[in-house]
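Structure record follows, encoded as structure tokens.
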Amino acid sequence: MPNVRDRWAIANWKMNLLPSQTAGYFERLRACLQETQVSVAVCPPYPHLPAATAAAAGSRIRIGAQNLSDQPQGAFTGEVSAAMLQDVGVSLVLVGHSERRRWFGEDDALVAAKMRVALEHGLCPVVCVGEGLEERKAGRTQPWLQHQLQPLWEVAQAFPQLPWLIAYEPVWAIGTGEAATPAIAQETIAFIRQQAEQHVGAPAATLPILYGGSVDPDNASALALQPELDGFLVGGASLNPEAFAAIVEALTVVKA
Ligand code: PGA
């Protein structure tokens, strides 16, 4: 059966590049992106967002944020709301990235609350899950992921018509240069999809599930061939627009 799910390539700049470098990045990215069916998104830091939405205007590149508040508005110093993101032309948002979970204490309940707020405001949440090295080595990957995914299903059930994405990002592969093998990515994403089928039923068949963790132009093709993998969330390699475009290109592969 042909794969009916959309393919995605999402750039996560993390806390890199300056607002003044944004326009130049997009100029280069637009110059080397082929006409492609792949859905491409770039997630710069907050201060870059207006420049990014302006630079992406007239292209198919979507702009995403890296985080959002779980609160709608009010006295929450330093926070940024879903409505603010929407107002500057952002259409998707990363939620629960492992760096948010690790360094900023985001737990599974907060991640689910952020996913809900995003959906309520018409933003497409890209919810990140993934096990650490300890869980992987101890053979506890599946229960770990089940635990992270559990609160998300309830939110997904409440918004059955709205798009969202899952990014499987094993913590041991992020920023280490050691991507998961294609076999591990395939097997783990298949497990996540099977969980999705159990909890949300038919929509699981069209839920894009991406892989993230040290994706680069050299390893992207072998990973992209995996039938369950619907795209990439790319950190370090996405800072170079030519490298990111090569990763987008790898996703145009025809799968068996
Ligand atoms: P990396 O980051 O590509 O630099 O490993 C991926 C991510 O954290 O989203």
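Fair warning: this is a prediction, and the values are worked out from it, not measured in the lab. Read the numbers this way: they start at 1 and go in the same order the structure lists the ligands and their atoms.
Contact atoms of ligand 1 toward N12: 9 (O) (distance under 4.0 Å to a heavy atom of the residue). Atoms of ligand 1 found under 4.0 Å from any heavy atom of G236 (numbered from 1 in listed order, with element): 1 (P), 3 (O), 4 (O). Near E169, meaning under 4.0 Å from any of its heavy atoms, are these atoms of ligand 1: 6 (C), 7 (C), 8 (O), 9 (O). With ligand atoms numbered from 1 in the order given, ligand 1 contributes 5 (O) to contacts under 4.0 Å with heavy atoms of G213. Taking every heavy atom of H97 and a limit of under 4.0 angstrom, the matching atoms of ligand 1 come to 7 (C), 8 (O), 9 (O). Of all atoms in ligand 1, listed by their number and element, those nearer than 4.0 Å to a heavy atom of L233 are 9 (O).
Looking at atom 3 (O) of ligand 1, its nearest protein heavy atom turns out to be G235 N, 2.8 Å. Looking only at protein heavy atoms, the nearest one to atom 2 (O) of ligand 1 is K14 NZ, 3.2 Å.
Around atom CD of Q198, more than 12 heavy atoms belonging to other residues, nucleotides or ligands sit under 6.0 Å away. Residue E154 qualifies as open at atom CD: its count of foreign heavy atoms under 6.0 Å is 12 or below.
Between R7 and D230 there is no salt bridge, since no side-chain N of the basic residue sits under 4.0 Å from a carboxylate O of the acidic one. A salt bridge is absent between R60 and E35: the closest approach of a Lys/Arg side-chain nitrogen to an acidic carboxylate oxygen does not fall below 4.0 angstrom. With respect to the salt-bridge test (charged N to carboxylate O, under 4.0 angstrom), the residues R140 and E131 do not qualify. The existence of a salt bridge linking R116 and D70 is excluded, since no basic side-chain nitrogen approaches an acidic carboxylate oxygen closer than 4.0 Å.
The shell of residues lying under 4.0 angstrom from ligand 1, judged by heavy atoms, includes G175.
Taking the six-membered ring for Trp and thresholds of 30 and 60 degrees, W13 and F26 have ring planes inclined between 30 and 60 degrees apart.
The N/O atoms of S214, backbone and side chain alike, include one that comes under 3.5 Å of an N/O atom in ligand 1.
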